[in-house]
Novice: 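Encoded as structure tokens, here's the structure I'll be asking about.
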Amino acid sequence: AAAEYAAAPGQSSCNQWKSCGPGFGRNPGSGNITHDLTCALCTHGSTYNDATDISVCGALPTCAAGKALVGHSEDTAGSCELCPGGWFAPANTIGKCIECEAGTHSNTGEGADACTECAAGKYGPQSGLATCTECAAGKHASTEGLTSCSGCAAGMFSATGDASACTPCSAGEYQGEAAKPSCSACAAGTFSDHDAATACQTCAATEYAAGPGQSSCTAWQSCEPGFG
């Protein structure tokens, strides 16, 4: 009968083919009316057999992008699970999701098929991030995919986080240090006549700047005859 064999002539009955246990499948071409079949271990990571019979190993399930096949073995199909934040999986990923590199991220629970570079003004200092971090005031990130922020140069500032560029101090202001969140007004008697000044200049001996934040000095008025 099917699935039986008689190995030698003169047999009074046939023997049942052996059963391949879970994790094993029938070797192709083995098993006929004169020979028992042979079993082979299913290939880990590509095939499995969860039956106790003579079936061949079957292909593992395929997962959509953003999911990975976990919990599988030679005798278990496993299941597809969403990648967590900071990880991703292209279609048909087996084993586990792939960790996002530093400077990139993937949102929590969305099952990403790729990681996204941190936007300008933000940075990703380590791998496996679900979100990127805004640059602190006084710093900026000018391009996408950065792992750290840079301090604003002297004469420049950034008032809030998420800056993609620093802003120059206006005329009448200055900033002598790097990585600062604001500029300072020039004191009375001093001025700055251009943007991005790192220091203020003192008015000439015959000029004055009456209040702070001046971009120029005013010449003293001339006294008319009879006045001093």
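Residue numbers start at 1 and run along the sequence shown. A quick note: this is a predicted structure, and the numbers were derived from the prediction, not measured.
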Novice: Checking side-chain contact (heavy atoms from CB on, under 4.5 Å) for the pair Trp17/Arg26: CA distance, chi angles, key distance, verdict?
Specialist: CA-CA 10 Å; Trp17 284 351; Arg26 174 185 175 181; 3.8 Å; yes

Novice: I need the Leu60 CG to Cys80 SG distance, nearest 0.5 Å.
Specialist: 9.5 Å

Novice: I'd like to know if the side chain of Asn49 and the backbone of Gly23 have a donor-acceptor N/O pair within less than 3.5 Å.
Specialist: no

Novice: In Å and rounded to the nearest 0.5 Å, what is the CZ to SG distance from Phe191 to Cys217?
Specialist: 5.0 Å

Novice: Is the backbone N or O of Ala3 less than 3.5 Å from a side-chain atom of Gln16, with the two atoms forming a donor-acceptor pair by type?
Specialist: yes

Novice: CD of Gln201: more than 12 outside heavy atoms within 6.0 angstrom?
Specialist: yes

Novice: Quick check: closest heavy atoms across Cys14 and Ala6, and the distance to 0.1 Å?
Specialist: SG-CB, 4.4 Å

Novice: Measure from the side-chain N and O atoms of His44 to the backbone N and O of Ser73, and report whether any donor-acceptor pair falls under 3.5 Å.
Specialist: no

Novice: Please determine whether residues Tyr48 and Ile94 belong to a single hydrophobic cluster, defined as Ile, Leu, Val, Met, Phe, Trp and Tyr linked transitively by side-chain heavy-atom distances below 4.5 Å.
Specialist: yes

Novice: Can you give me the closest heavy-atom contact between Ala199 and Ser192, atom names plus distance?
Specialist: O-CB, 4.4 Å

Novice: Can you find a pair of side-chain heavy atoms, one from Thr43 and one from Cys57, that are under 4.5 Å apart?
Specialist: no

Novice: For Cys169 and Met156, which heavy atoms make the closest approach, and how far apart are they?
Specialist: SG-N, 4.2 Å

Novice: For Cys115 and Thr104, work out which heavy atoms get closest and say how close.
Specialist: CB-OG1, 3.7 Å

Novice: Can you tell me how far OG1 of Thr47 sits from CD of Glu74, rounded to the nearest 0.5 angstrom?
Specialist: 8.0 Å

Novice: As a test of understanding, state which of Cys135, Cys132, Cys149 forms a side-chain contact (heavy atoms from CB on, under 4.5 Å) with Lys122.
Specialist: Cys132

Novice: Verify side-chain contact (heavy atoms from CB on, under 4.5 Å) between Thr147 and Tyr123, making sure each step is shown before the conclusion.
Specialist: CA-CA 5 Å; Thr147 59; Tyr123 70 106; 6.0 Å; no

Novice: Output the distance between atom NE2 (His140) and atom OG (Ser158), rounded to the nearest 0.5 Å.
Specialist: 8.5 Å

Novice: Could you state the interatomic distance from CG (Asn27) to SG (Cys20), rounded to the nearest 0.5 Å?
Specialist: 8.0 Å

Novice: Quick check: are there more than 12 heavy atoms from other residues, nucleotides or ligands sitting under 6.0 Å from CZ of Phe88?
Specialist: yes

Novice: To the nearest 0.5 Å, what is the distance between SG on Cys152 and NZ on Lys180?
Specialist: 11.5 Å

Novice: On a heavy-atom basis, which atom in Glu173 and which in Cys183 lie closest, and how many Å separate them?
Specialist: OE1-CB, 3.8 Å

Novice: Is there a donor-acceptor contact under 3.5 Å from the side chain of His105 to the main chain of Ala130?
Specialist: yes

Novice: Quick one: closest heavy-atom pair of Pro212 and Ala185, and the distance?
Specialist: CB-CB, 4.4 Å

